[in-house]
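Below: one structure, written as structure tokens.
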Amino acid sequence: ILSFAFMAFAVNLPADVFSTNVVGYINLSIQAGNNLIANQLYNTNNTLNGLFGTGTPEGATATKWDAASQQFLAESVYNSVSGWSINYDLVAGEGALFGSNSAFTNTFVGEVHGFDGENLVFTYPTLSEGTYLLSCSVPFQTDFFHVIGRDPLANESVRQLNATNQTYRTTTFLNGAWDDGSPSLKVGESAFFTLVSPTAVPEPGIASLFVCGVFVLGGARLLRKRKI
């Protein structure tokens, strides 16, 4: 079960002006075994120690993908007394492989980056060809375009992990279509994207905050923005 909520706060603003500071939380269900996760909110501390606290199971592991070497970085292990053995950063747009001996729910709290007063503004990475572990830059159930910033090219692929049954699914773009269904990433999910051509620097994209909260995620709760 995944839920998230947002509330905008404004201080000393003229009438009919919305704050551009939107804060909220994401309750992410993490399964026993491996999970490809994402932190899609910005906080003052976006490290593992800041994101995963006392509710984290003893011995949980986390690692990030090094696109330059095309392999995982050294594994970080959680200890309830000392915290994480390697205190990796995990910021919006990145993904991580998270391992746990038992299922639990982690709550991410922070600010939605790139909110312009009415819409979520997507930012896209500039990438070379290769494989990357990525997520959407904003908390939005999304597709290839809204992660990469362009449409897929022939032979590009997305590999997703079903954490419930611990199986991977890879879908490849061939002959103008995905050979195993269009990839769709949930809020809090990352996936492996294999690109055959570098990405240009794209223009930012936008999406309505209300569309994100009400129509995309069933059961998600959205707190109305407050007008001052």
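- Of the inter-residue distances, the one linking Ile26 atom CD1 with Leu41 atom CG reads 4.0 Å to the nearest 0.5 angstrom.
- Hydrophobic clustering, with ILVMFWY side chains joined whenever heavy atoms are under 4.5 angstrom apart, groups Val147 together with Trp178.
- Ring geometry for His146 versus Tyr124: interplanar angle of 30 to 60°, hence tilted.
- Using a distance-only test at 3.5 Å, with no hydrogens or angles considered, no donor-acceptor pair links the side chain of Asp66 to the main chain of Gln71.
- By the rule that hydrophobic residues join a cluster once side-chain heavy atoms approach within less than 4.5 Å of another member, Trp65 and Tyr168 end up as members of one cluster.
- Residue Leu127 is not grouped with residue Leu153 when hydrophobic side chains (ILVMFWY) are merged at heavy-atom distances under 4.5 angstrom, including chains of intermediate members.
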| task | Apply the test side chain to side chain contact (heavy atoms under 4.5 Å, CB included) to residues Phe193 and Leu185: give CA-CA distance (whole Å), side-chain angles for both, the deciding distance (0.1 Å), then the verdict. | result | CA-CA 12 Å; Phe193 289 75; Leu185 273 66; 4.2 Å; yes

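- In this model, no donor atom of one side chain and acceptor atom of the other lie less than 3.5 Å apart for Gln166 and Gln31.
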| request: Please step through side chain to side chain contact (heavy atoms under 4.5 Å, CB included) for the pair Leu90 and Asn46, ending with a clear verdict. | output: CA-CA 6 Å; Leu90 184 58; Asn46 288 309; 5.9 Å; no

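- Two rings, from Tyr42 and Phe108, have their centers 6.0 Å or more apart.
- Judged by distance alone, the side chain of Asn106 and the main-chain N or O of Leu51 form a donor-acceptor pair under 3.5 Å.
- Not one N or O on the side chain of Asp179 forms a donor-acceptor pair closer than 3.5 Å with the backbone of Leu174.
- Between the side chain of Gln40 and the backbone N or O of Gly188 there is at least one donor-acceptor pair closer than 3.5 Å.
- The OH atom of Tyr78 lies 6.5 Å from the OG1 atom of Thr54; values are rounded to the nearest 0.5 Å.
- Note that the OG1 atom of Thr61 and the CG atom of Asn101 stand 8.0 Å from one another [nearest 0.5 Å].
- Side-chain contact, Ser80 with Glu58: a donor N or O sits under 3.5 Å from an acceptor N or O.
- In terms of heavy-atom proximity, Phe98 sits nearest to Ala62 at CD1-CB, 4.1 Å.
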| Given the rule in the ring pair (Phe, Tyr, Trp, His ring centres under 6.0 Å) test, do Phe173 and Phe144 qualify, once you have shown the distances and angles that lead to the verdict? | CA-CA 11 Å; Phe173 196 73; Phe144 183 97; 7.9 Å; no

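- Shown here for Ala38 and Glu94, the closest heavy-atom pair between the two residues is CB-O, 3.7 Å.
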| message | Using side chain to side chain contact (heavy atoms under 4.5 Å, CB included), reason through Thr105 and Ser29 one step at a time and then give a plain yes or no. | response | CA-CA 4 Å; Thr105 298; Ser29 295; 3.8 Å; yes

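- Here Leu36 contributes atom CG and Arg159 contributes atom CZ; the two are 9.5 Å apart, rounded to the nearest 0.5 Å.
- Between Thr167 and Asn165 the shortest heavy-atom distance is OG1-OD1, 2.5 Å.
- Asn43 has its side chain out of reach of Asn45: every pair of non-hydrogen atoms, C-beta onward, lies at least 4.5 Å apart.
- Side-chain contact between Ile86 and Leu73 is absent, with no heavy-atom pair separated by less than 4.5 Å.
- Tyr132 is connected to Val158 through a chain of hydrophobic side-chain contacts under 4.5 Å among Ile, Leu, Val, Met, Phe, Trp and Tyr, so both are in one cluster.
- No side-chain donor from either of Thr47 and Asn49 sits under 3.5 Å from a side-chain acceptor of the other.
- Leu48 places none of its side-chain heavy atoms less than 4.5 Å from the side chain of Thr56.
- For the atom pair OG1 (Thr63) and OH (Tyr88), the distance works out to 5.0 Å, reported to the nearest 0.5 Å.
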| field | Candidate pair Asn35 and Leu97, rule side chain to side chain contact (heavy atoms under 4.5 Å, CB included), full reasoning | value | CA-CA 6 Å; Asn35 302 256; Leu97 176 65; over 6 Å; no

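- Of all heavy-atom pairs spanning Pro183 and Thr171, the tightest one is CD-CG2, 4.0 Å.
- Smallest separation of non-hydrogen atoms from Ala96 and Leu133: N-CD2, 3.7 Å.
- With a 4.5 Å cut-off on side-chain heavy atoms, Arg150 and Leu195 count as touching.
- Ser135 places no side-chain N or O within 3.5 Å of a backbone atom of Ser190 that could act as its donor or acceptor partner.
- The structure places CG of Asp180 at 10.0 Å from CD of Gln160, a figure rounded to the nearest 0.5 Å.
- Minimum interatomic distance between Pro139 and Val112 (heavy atoms only, all atoms of both residues): CD-CG1, 4.2 Å.
- Below 30°, between 30° and 60°, or above 60°: for Phe104 and Phe52 the angle between ring planes is above 60°, a perpendicular geometry.
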